[in-house]
Structures are given as structure tokens and as C-alpha cells.
Engineer: 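This structure is in C-alpha cells; I'll ask about it shortly.
Quick note: numbers below take in every heavy atom, side chains included, and nothing from hydrogens, waters or symmetry partners. Keep in mind the model is a prediction, meaning the values are calculated, not measured. Counting starts at 1 for both ligands and their atoms, following the listed order.
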Amino acid sequence: MTTINHQPPTNNQTDPRSPSSSLRESAILKIRNSLRPGQQQMADWYSGPLAVSAVPGAGKSTGMAAAAAIAIARQYQRSNSSRSSERRQLVVVTFTRSAVANIKAKIRKYLRDDLSLPQTGFAVHTLHGLALNIASRHPNLSGLQLDNVTLITPTQSHRFIRTAVEQWIASHPGHYFRLLEGIQFDGEETERLRRQSVLRTEVLPDLATTVIHEAKSSGMLPEDLRRFSEQTIDNYEILTVAAGLYEQYQNLMRSRDFIDYDDMILAALRVLENPSARRIEQNQVFAVFEDEAQDSSPLQTKLLQILATDPNNPDQPNLIRVGDPNQAINSTFTPADPIYFREFCEDCNQKNRLATMDQAGRSTKIIIDAANFVLQWVNSAYQAKSQNFPTPFRPQTIRLVDPDDPQTDANPQPVGRGLELYTPRDIHHTVQLLSQRVIELFAQAPNSFSAAILVRENRQGKWLAEALAPVCKEHQITLYDVGERERHSHVPQEILALLQFCDRPHSPDYLKAALEVFVERQLIPTQDLNAPASVPEEFLYPGPLSPPQPESVQKAAHLCRSLLRARMELPLYQLISFLALALNYDQAELATADKLAERVNLQIASHASMTNMLGILSEIVSSERFEPVETEDLEARYTRRGQLTIITMHKAKGLDWDYVFIPFVHENLIPGRFWVPPQSQFLGDFTLSEVARAQIRAALHNQGSLPDVTQAWEQAKYLKTAEEYRLLYVAMTRAKRLLWMSAAQKAPFTWSKPENLQASTPCPVFSALKRQFPECVV
Ligand SMILES: Nc1ncnc2c1ncn2[C@@H]1O[C@H](COP(=O)(O)OP(=O)(O)OP(=O)(O)O)[C@@H](O)[C@H]1O
């Protein structure tokens, strides 16, 4: 472990003779002694940059809260002794809103109970919250008039993205035609219509959303992208297309006073470019502590670095960044890239300012052994395959804590074998084995343990929740499906899609969007929707001469016609409730739909028309203004004792449970692979969005010449599988006493059709675990 060169500042020191200061010093010492060595290094920080690279369960959050409280106490002393009336504060930044609440509570507790200080002198924010704060304090510089702007999240189906695509197509017929031709095309009319639908509603919106986020949150403008595009040669000129889409989107946003999350960061940075505003902001802050630093994008990092800089000592930002590059699980869908945090760690290391927290007390020994094994196995498998890419994990071994560790029951005793590896016959057998184990565990001590099932995607969770419900009911085990709660947020969007279709059934886009909702709700089988959507009339009302429709298409058409009939027959105010029933919503979703209906009907009461209804709903769907603010402490809700939580691996990050079940460790999902959907294979064996993303990353990381399409696609595939393995590592390290994993011999190929079972290969590292830990194979 590296020792930090932490030196108390000499000029501003407290008068050591003062009784209150020596009391405070002993309180600080007491907190420090309650920390383990790595955490103490954080607590010993006085100034300058410090990187903390911590393994899972090392106590990052705990250490950061203690270090923050100590830093605040020292700041009090400093300003008291200099008799300055100016109070600078500590800014703590973390990734999610629930983590904000958690850290805030911990810091307050240290200040109140241990240090007898007022619970002030600090602020905890998410990065976006911090940026918004700065931007709104200086509206003239940031250009953000908060009363006027509307915040949006540009998803693929967002109307701004769709409009940007349409506008780009209209002004770039040549490029568009090249895409339409793809790798081969015989000019056949139905195929042309189908390809148009794929490009307009799938490929280009996907390219736009990916590129806009990737480029924008790295500080790239459309013209930067255009400049980079000159370095690439490919038939479609993907980066040029991407730059065009980005430009259209920016124009739209600007003309309507809309902003996205990246704009918030950019707005704050604009403020900080101004010397006097920068000074004002910097003078309010004495240091910045960042948790989960592996998840920050380059612009976010820049924001923190500026804010943490003391204008009187600009070379040494007072910045602690804590993270774990091995838990970076957002890089394939956000521009966060563990590369940046790794770089910060290396920089700090050269200055002897890297602390490594490699001891963890969360899990029992065998779980730690298993996680270490996975890390090494994956790294060596990758090294054997290719030397061209960095290994998925930073080599780092989790160590058990010392015997005198402050955490009570650190590295607890295992329950059962601690690690249990199952190979059920099929997923129904998985449910049987899993429920047996759950019943046994809950019977032993019903309310004293926490337990969770971690799934890779919400559809698995939904299926499991249904399969487990009867058993849980019989044994009075509370089942909490986190995904179900989230599904409610889709209600307005789904209702809007169906209403738009009812309003204009002959629009291919609206028809397709409605069909997508049916597929998502599993009311019709998964199918290529572009074909029916490109000929709405023939699809809805096939004439005697039309070619016969396959059964899946007939079912879809039937469903669509029933909606249109309802539109004709029902009064407007009943429409939303009818659609909710047609979508087979569960109780809670129905309640959400009712609430929505009530709200919409109230707003259109004086002018009840379909147009007004659609207007109000689009507003609700496309702006974030209406998003319910989470007030509940979600982390506590997810980890409640005596409850079986079903949660995705992504959401489980940062949390832990006594028993963790990971039931579907199959190769097709972990590590999975990128595949090109059949409908867009006419463009080639790659996706435009992933190629563009890899090229932008290469440009950002100054990797010399940009990769061509084949190389970029290879890089994208590498990034994806590397990240999936990190996700598995995060999932495994959530367990304290029992880690239960399984890979059934038969599983669905896709979880949109869980009933279609086929022979399924386990994730390769699962087989390796079985060989390495034969005593754990059940
Ligand atoms: N010094 C300590 N004394 C007592 N308990 C501790 C200490 N440090 C950490 N813990 C406990 O260890 C567990 C893990 O801590 P924490 O959640 O802070 O880890 P983390 O490093 O943020 O984990 P991860 O990165 O895996 O999310 C928690 O239950 C916490 O209460």
C-alpha cells in the first residue's frame, strides 16, 4: 500500500493550546481509529489531489463520509483560527440521488455525534445537481433561464430525435440514398419501403442518440465531429452522417429552449470560464470529494477539477476521487470510460498520492476468492485472445480485513457452502431449486437477513416474479420486484403511442410505435415490424388480392383494429382507461394509468379534443418536468430484511445483501455479444451507432488514426464483453454470506419469449468456477 504524503498546512494551523481544539483533535482521532488503513489514508488528507482506488466492499462510502466529516472539522478550525468570516464548504459528489441521501446522512451523523459540530459546512450533490446549481446562480453566463427551459432525455423515440432525423434526410438525399442501397439492392419497391422504415425509425435515431450523448458529454461540437470524419473512409461516411444529425438536434433544442443533461454540465462550464464567476464559485469551496469516480465523463471531471481549485494555489486542485475501475459498468451506454479514472490514479501515483483500499470486510472468504478468481480468469482469457486491447479489469486482488478490523462481523461466516453453483435442467428447474433454498433460508431466521435475486434484464425479473409469487405467498415471504415499479414510468409513453396510432392509423411511424408497444407487452410475438408498418392500409385491412398474412401479423392487425373501433365508439375521456386494459396492465400500472387519465382529462376539460389530449400527453412524456421526485430512501427499500428483492445487476451496484442469487449466468447474456438485428443487415455486419461510438472514443483518446469500420466494430464488441464481465463481478461482490449462482442447461434464447427453451451454454467463467471450486458444485 502506498503511503500518502499528507502534511498539515503550516500557516493556517490551529492553536494547539486551545482546549476546544484539542477536544476536537481527539474526536477526529477517534473517528480515524474506527477506520481501516485504506480509509485512514482518506481521513489523513489535508490538501491537493488524491486518488483512491478501492475494491468492492472496501468501505469507500463509509471512508468518504468519515473523511468528509474530518475535513469539515479541520476547515472549521482553520477559519476560526484565522478569524475569517468566510466559510468555505466541502462539496461531495456522487452518482445517484439515493447515494446522495445516504452519504449526507452519514456525514451529518459524524458531525453531530462524534464531533459535536453543526451539521453544515458541506453540500452533497449528484453531478447534474451540482452543475444545475452553478448554472442557475449565473443565468446570464450559463444561458439557462430556469423558468423557461424544459429538460428532456433524448431517447430514440423522442420527437426531437425523430424530427432531427427527418430534417437530416430531407437535406442529405445523397447520403440517405447510399444508406438505403446498403451493401446490395435490387430496387424492389416493398424492400425499399421496408428499408426506409428501418432507417427512419431505428438505425438513424439510434445513431443520433448514441453520438449526441457521446460527443456532447465529451465537449465535442458537431463541427469537431465533422473534422474527425475527414480521417475516416467508409462508404456511408458514418461520422459525417452523425455530425449532421447532431447539428440538426442542437438547432432544434436551441430554437425551443430545451436542454438535456449534457447541457447542464456545459452550462456550468460556461459559467466557470468567466474569471470572476469562477473565482466566486471557487472561493465558496475548500475541496471536492467524488464517489464512484469511474463513472464520470471527461466534462464532468473537468467541472470538478475547476471547482476544486483554489484560485490562490491553482496547480493543486483539492480533489479526492474515489472509485473502482473494476466496477465501471456504464461505459457501453454512457460516455463514462474507466480509462479516465485509471489515468487519474496513475497521475496521482506518480505524485505519491494514490491510496489503494484492497481490504474488504463485506463478504465471506469464499465469495471473495470466487470474485478474485473471476477477475484473474477473465483477464488471462482476454490476454490469450488479443494483446491489442487492455484487459477488462485492472489487476487487483481483494484481501480479507485484518483481525483487529473495526467492522463488527467483518468477513462473516458463510451460510451453507458460502458459494453454491447449480446447473438446473431448465429455467423451471432453476425456479424450483432457488425457491427451495429461499424457503430453507427464510425458515431459519425470517426477518434477520436480507436477500436478493440479481437479473441481467428486467424481463428476466418479471418472469421470475411471476414464477416465484405462489411459493412466496405460501411461505409468507415478501417479494419485491424493483422492475415492476419502474415499468410504471412507461405508462404515459405507451398510452401516447397507442393514441397517436388511433389518431392517424395510416402513419407508418405511429403504426410501428403502437406495434412495438404490443411486442413489449408481449401481446403479440416479436417480429419484423417494418414490413407491416410500411404498408399500413394493406396491413390493417387486407383486400382479397393481398398475400395471406402469417398468424403473428394477423394477431397484430386484429389488435390494431380493435383499438380503432374503440376510438370510434368510446367517449374521449374513457379512452386512456380502455387502452390500459387492452395493454393488460397489472393493478399498479392500472392505477398509474387512471391517475394519468384523470390529469389529462382535467387539463382538456374545457376543450376536449383528440388533438388537445395528444398535446398534453406529449408534453408529459417528452419533458422531465413531470417526473415524480423520489422521496423514499430507495436503497433502504431494496435491502430491507426479511424480503426477497428482485433487482437488475446494474441497480444492485453499491448495495449488498446477506444472500445473493444470480440465476441466469448464460453465455448469450454474460458476456453476450453485439449482434446486428436481421432487419438492418442490409447495411452490413455492424451497427452504425457502435462504429461511430468507437471512432469518437478513439478520437478522444488521441489514438492516432481513427479505426476503420471493421476495427471500430471489433473494439465495440470488446468493450461490450469486457463490461459484461465487470457487471458479473459487481453482482457477485454484493453477497455477504451466500452467493448462489446457476446456469440452466435449457434457457430462452431471448427473454421476450421465455417459453421457447433451447440448449443454452453457460457463461465460460461459470464453468471455470465449477472447476476451481468443485466443493461448491451442488
Ligand atoms: N471502518 C468501518 N467500520 C465498520 N464498518 C465498516 C467500515 N468500513 C466499511 N464498513 C462496512 O462495510 C460494508 C461495505 O462498505 P461500503 O458500502 O462503504 O463499501 P464500498 O467500498 O462502497 O462498496 P462497493 O464498492 O462494493 O459498493 C458496509 O456494510 C459498511 O458499513
Engineer: Using 4.0 Å as the upper bound for N to carboxylate O, is an ion pair formed by Glu724 and Lys720?
Structural biologist: yes

Engineer: Say you draw a straight line from CZ of Phe344 to OG of Ser296; how long is it, rounded to the nearest 0.5 Å?
Structural biologist: 10.5 Å

Engineer: Given 3.5 Å as the limit, does a donor-acceptor pair link the side chain of Gln294 with the main chain of Asp324, or not?
Structural biologist: yes

Engineer: Students should find this: residues with any non-hydrogen atom under 4.0 Å from ligand 1. What is the answer?
Structural biologist: Ser34, Leu35, Arg36, Gln39, Pro56, Gly57, Ala58, Gly59, Lys60, Ser61, Thr62, Gln327, Arg362, Pro406, Gln407, Gly654, Arg734

Engineer: Side-chain donor-acceptor pair under 3.5 Å between Ser217 and Tyr261, yes or no?
Structural biologist: no

Engineer: May I ask you to decide whether Arg32 forms a salt bridge with Asp44, counting only side-chain N to carboxylate O separations under 4.0 Å?
Structural biologist: yes

Engineer: Taking only Lys NZ, Arg NE, NH1 and NH2, and the carboxylate oxygens of Asp or Glu, determine whether Arg673 and Glu667 approach each other closer than 4.0 Å.
Structural biologist: no

